[in-house]
Visitor: 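Take a look at this one; I'll ask things after.
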Amino acid sequence: MAVKGKIMIIEDDRAICNFIRRVLEANDYETVLVHTGREAMSLLASHCPDVVILDLGLPDMDGLNVLMDLRSWSLMPVIVVSARSDEREKVRILDAGADDYITKPFGTSELLARIRTALRHTRMMGTSASIARENRFTAKGLVIDYDKYRVYIDDRDANLTQNEFKLVALLGRYAGRVLTYDYLIREIWGPNKAYDNQILRVNMANIRRKIEKNPAEPQYIFTEVGVGYRMIEGD
Ligand code: CA
């Protein structure tokens with residue numbers, strides 16, 4: 001079977017490293033194992049993997065230093081493996097340029113889902129397959145029409161305001177990934193509104209009333225508490 005992509009695993013814990021490698025190779029990915037930050041920095045350029053899985057706690061340096069060095073020359077997708085699940089840590093990881101994070105301990109299906117999302121975004125250059133094809137995003141009855149600036153739920157116009165549409169459109173472009181509160185606010189309202197999460201919360205509440213069957217249990221846009229929002233993967 002054809003290899004689905006080359007994944008570099010940067011992790012000093014051999015047990016976790018081998019676990020990830022077994023899962024990935026069983027699913028037809030090629031893997032490259034690296035155990036230190038210094039080794040990673042020199043091998044990233046020569047291997048040019050399709051996705052990088054990066055542990056933050058490396059023996060010789062903070063994994064974020066590897067990420068920041070990588071971001072100075074490449075946008076290749078990076079999924080950070082973090083031991084802690086606190087919100088400030090997740091924001092720090094995403095702000096440093098990671099595409100996603102996964103918290104230890106994690107399961108096989110979660111890991112594979114994150115890798116699929118990351119790969120899809122590389123292949124489509126930040127645009128999901130259906131957006132590239134017909135300028136629309138679809139997921140379980142939700143349609144974002146990027147030409148008409150409209151969102152439909154089961155063929156009914158959700159009647160979003162301009163800013164509500166911009167928010168949903170942005171989340172749709174990066175479906176499957178968490179976008180942080182600050183990032184969303186800056187993109188929609190500009191840099192001066194940064195740190196005013198209230199305006200974002202109000203807009204999201206209105207969006208959910210219009211698109212979700214039960215806004216308390218959303219099925220399209222999920223809250224990552226203290227971090228941001230994530231749109232469901234497209235069909
Ligand atoms: Ca470690």
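When a ligand or atom number is given, it counts from 1 through the structure's own listing order. Sequential numbering from 1 along the given sequence is applied to the chain's residues. Side-chain atoms are counted along with the backbone in the values below, which use heavy atoms only and exclude waters and symmetry mates.
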Visitor: Does anything in residues 100-109 pair up under salt bridge (charged side-chain N to carboxylate O under 4.0 Å, His left out), and if so which pairs, sequence neighbours excluded?
Guide: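 Qualifying pairs: Glu11-Lys104, Asp55-Lys104, Asp100-Arg114, Asp100-Arg230.
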Visitor: According to side chain to side chain contact (heavy atoms under 4.5 Å, CB included), who are the partners of Pro59, at least two apart in sequence or on a separate chain?
Guide: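 Scan of Pro59 (side chain to side chain contact (heavy atoms under 4.5 Å, CB included), adjacent residues dropped) gives Asp12, Thr36.
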Visitor: Under 3.0 Å from the Ca ion (ligand 1), protein N/O/S atom count?
Guide: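 Protein N, O or S neighbours of the Ca ion (ligand 1) under 3.0 Å, waters not counted, come to 3.
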Visitor: Please enumerate all residues that pass salt bridge (charged side-chain N to carboxylate O under 4.0 Å, His left out) together with Lys166, with sequence neighbours excluded.
Guide: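 Lys166 satisfies salt bridge (charged side-chain N to carboxylate O under 4.0 Å, His left out) with no other residue.
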Visitor: Parallel, tilted or perpendicular: which fits the ring planes of Phe19 and Phe106, with parallel below 30° and perpendicular above 60°?
Guide: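 Ring orientation of Phe19 relative to Phe106: tilted.
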Visitor: About how many Å separate CD1 of Ile207 and CG of Leu167, when rounded to the nearest 0.5 Å?
Guide: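 These two atoms lie 4.5 Å from each other.
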Visitor: Does Lys90 come within less than 4.0 Å of Glu87, counting only side-chain N to carboxylate O?
Guide: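 Salt bridge absent between Lys90 and Glu87.
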